[in-house]
2 protein chains.
Amino acid sequence: MRPSDDRAVLEPVANEADLGLVDGLAQLTFAVHGVLARIAAANGLSVVQARLLGILRDRQPTINELAGFLQLDKSSVTGLVDRAEGRGLVRRARSTVDGRSVHVSITDSGRCLLDQATSAFGSEVADLVADLTAAQRDHLSVTSTIIVAADGRRRGTDIFAIEPSQTEP
Amino acid sequence: MRPSDDRAVLEPVANEADLGLVDGLAQLTFAVHGVLARIAAANGLSVVQARLLGILRDRQPTINELAGFLQLDKSSVTGLVDRAEGRGLVRRARSTVDGRSVHVSITDSGRCLLDQATSAFGSEVADLVADLTAAQRDHLSVTSTIIVAADGRRRGTDIFAIEPSQTEP
DNA sequence: TATTGTTATACTCTATAACTATA
DNA sequence: TATAGTTATAGAGTATAACAATA
């Protein structure tokens, strides 16, 4: 086994004792992302499409707001929404207060797909954390929340500061 | 605030108390993935290219083995390695024991880029977990390791069962 | 003038299927 | 025959730059 300071970010290592925070978070991210990708694919979606539907679950944001949520260029969001709309998963509606803006909302068909994917993801996560104790799971839930909140605050796209009703005037 | 059982996977919510394990892990994954994407982009890489370099840090796996690590089709890995090789970040070498196989290794240039990205990621993670207590960070490190190990075991691509020397005969 | 969204373009990433070369 | 890797093809995802419509 290599000493712990010989560990490398972004790569699997041969030390089961502890990956360390940096490698652990990177590997954890790849693992969960892989789960998301498999479930999305099983429902004919990409991870980003699934994430789009999740955001639209109880919001009707504009293209610009979606770009903020997803951290993508607005032109990328246009294409994303184009493809989802072409499959009947979302729809566009011109804003009544600003003729330049478009509000995107989820269709019944899209919501059905989202519910299926959501349910499957819940099951997979349960498997993923099966080796953790209940206390460890609670800890993970709390720390994840803290990190996500801090990250949103730092990026200026604080998800906790945005009520669904704010994006649907 | 909505009750906790009204939370939705894959989407931001307006409840700072606790996202729950499922949403928390999903959001955490998006946050860390976003950090990885930004750092990779700052170094002219995609997340997958950065991950490829990370895997090659102390291994010379075959295309097939890379496909297993990255959970991609081998044809996708061919293209991935093509582009990285075209940029001088990795190189191919025919296996001496099996004329069909190719071993991929990182170049000095690729390692330099990897080191920069690795360092930047470490800093960003430090910022990301700045709001956690030292104990919470330790907990997160341990639980991440457990989850990653279990996931690898379950997928049959247990990273802890693979010593670097095994992929370089 | 500034902002919102789209279009045009180009590249990366990915999978499927068919292929070549080796075992 | 089976396996390792590549190629051809097609589509999704992404960003930059230029554009139209609206504010």
Side-chain angles (χ1 to χ4, degrees), chain A residues 30 33-34 36-53 55 60-87 89-105 113 167 169, chain B residues 30 33-34 36-53 55 60-87 89-105 113 167 169:
Chain A
F30 294 143
H33 201 270
L36 285 167
R38 266 190 290 121
I39 290 170
N43 288 277
L45 298 169
S46 69
V47 172
V48 181
Q49 291 281 354
R51 200 176 165 196
L52 170 66
L53 295 184
I55 291 171
Q60 289 83 45
T62 65
I63 299 286
N64 244 348
E65 289 168 336
L66 280 174
F69 279 132
L70 297 168
Q71 295 281 286
L72 295 175
D73 189 88
K74 56 187 181 173
S75 67
S76 302
V77 176
T78 292
L80 204 63
V81 171
D82 279 348
R83 291 184 290 274
E85 194 174 30
R87 293 179 50 187
L89 303 177
V90 308
R91 77 174 74 81
R92 282 175 165 92
R94 205 92 225 174
S95 170
T96 53
V97 295
D98 186 338
R100 298 169 300 179
S101 293
V102 167
H103 285 274
V104 184
S105 58
L113 207 51
T167 60
Chain B
F30 294 144
H33 201 271
L36 285 167
R38 265 190 291 121
I39 291 170
N43 289 276
L45 298 169
S46 70
V47 173
V48 181
Q49 292 281 355
R51 200 176 165 198
L52 170 66
L53 295 184
I55 291 172
Q60 290 82 46
T62 65
I63 299 287
N64 244 347
E65 289 168 336
L66 280 174
F69 279 132
L70 297 168
Q71 295 281 287
L72 294 175
D73 188 87
K74 56 187 181 174
S75 68
S76 302
V77 177
T78 291
L80 204 63
V81 171
D82 279 348
R83 291 184 290 274
E85 194 174 30
R87 292 179 50 187
L89 304 176
V90 309
R91 76 175 75 81
R92 284 175 165 92
R94 205 92 225 175
S95 170
T96 54
V97 295
D98 186 337
R100 298 169 301 179
S101 293
V102 168
H103 285 273
V104 184
S105 57
L113 207 52
T167 59

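When reading the values below, keep in mind they use all heavy atoms of this one structure, side chains included, and skip hydrogens, waters and symmetry mates. To find a chain, count down the sequence lines: A is the first, B the second, and so on, and within it residues start at 1.
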* Do any side-chain nitrogens or oxygens of Asn64(A) fall under 4.0 Å of OP1 or OP2 in dT3(C)? -> no
* Do Val102(A) and Thr62(A) come close enough that some side-chain heavy atom pair is under 4.5 Å? -> no
* Asked: Of all residues at least two apart in sequence or in a different chain, which pass the salt bridge (Lys or Arg N to Asp or Glu O under 4.0 Å) check with Arg91(A)?
  -> none
* Asked: Quick one: what's the B/S/- string for nucleotides 15-23 of chain D, heavy-atom cutoff under 4.0 Å, read 5' to 3'?
  -> BBB---BBS
* Asked: What distance do Ser46(B) atom OG and Leu52(B) atom CG have between them, rounded to the nearest 0.5 Å?
  -> 9.0 Å
* Would you kindly give the CZ-to-P distance between Arg87(A) and dA12(D), to the nearest whole Å? => 8 Å
* Want to settle it: does Ile63(A) or Gln49(B) sit nearer the 5' end of DNA chain C, counting the closest nucleotide to each? -> Ile63(A)
* Separation of atom CG in Leu70(A) from atom P in dA12(D), rounded to whole Å -> 17 Å
* To do: Would you jot down, in residue-number order, the residues of residues 37-48 of chain B having a non-hydrogen atom under 4.0 Å from DNA chain D?
  => none
* To do: Determine: side-chain N/O of Arg83(B) to OP1/OP2 of dC11(C), distance under 4.0 Å, yes or no.
  => no
* What distance do Phe69(A) atom CZ and Asn64(A) atom CG have between them, rounded to the nearest 0.5 Å? -> 12.0 Å
* Asked: Can you check the Glu85(A) CD to dT6(C) C1' distance for me, whole Å?
  -> 13 Å
* Asked: Any donor-acceptor pair under 3.5 Å linking the side chain of His103(A) with the backbone of Ser95(A)?
  -> no
* Asked: Which part of the nucleic acid does Arg92(A) contact within heavy-atom distance under 4.0 Å: base, sugar-phosphate only, or nothing?
  -> sugar-phosphate
* Structure fact -> Interatomic distance, OG@Ser75(B) vs CD1@Ile63(B), rounded to 0.5 Å, equals 10.5 Å
* Asked: Can you tell which of dG5(D), dG13(D), dG5(C) lies closest to the side chain of Leu80(A)?
  -> dG13(D)
* **Approximate separation, where rounding is to 0.5 Å, of Leu70(A) CG and Glu65(A) CD** => 12.0 Å
* Asked: Expressed in angstrom and rounded to an integer, what is the separation of Glu65(A) atom CD from dG5(C) atom P?
  -> 8 Å
* Structure fact -> Closest to the 5' end of DNA chain D, once Val102(B) and Gly79(A) are matched to their nearest nucleotides, is Val102(B)
* Asked: So what is the end-to-end bend of the helix from dT1(C)-dA23(D) to dA23(C)-dT1(D), with 5 pairs used at each end and the value given to 10 degrees?
  -> 10°
* Structure fact -> Contacts of Asp98(A) meeting side-chain hydrogen bond (donor to acceptor under 3.5 Å, both in side chains) (sequence neighbours excluded), chain-then-number -> Arg100(A)
* Partners passing side-chain hydrogen bond (donor to acceptor under 3.5 Å, both in side chains) against Arg87(B) (at least two apart in sequence or in another chain) -> none
* Asked: Which part of the nucleic acid, if any, lies within contact of Ser101(B), taking any heavy atom under 4.0 Å across all strands shown: a base, the sugar-phosphate backbone alone, or nothing?
  -> sugar-phosphate
* Structure fact -> salt bridge (Lys or Arg N to Asp or Glu O under 4.0 Å) pairs touching residues 69-82 of chain B, sequence neighbours excluded, are Asp82(B)-Arg92(B)
* **Separation of atom NE2 in His33(A) from atom P in dC13(C), rounded to whole Å** => 14 Å
* Asked: Looking at side-chain heavy atoms only, is the closest gap between Leu45(B) and Ile39(B) below 4.5 Å?
  -> no
* Structure fact -> salt bridge (Lys or Arg N to Asp or Glu O under 4.0 Å) pairs touching residues 39-48 of chain B, sequence neighbours excluded, are none
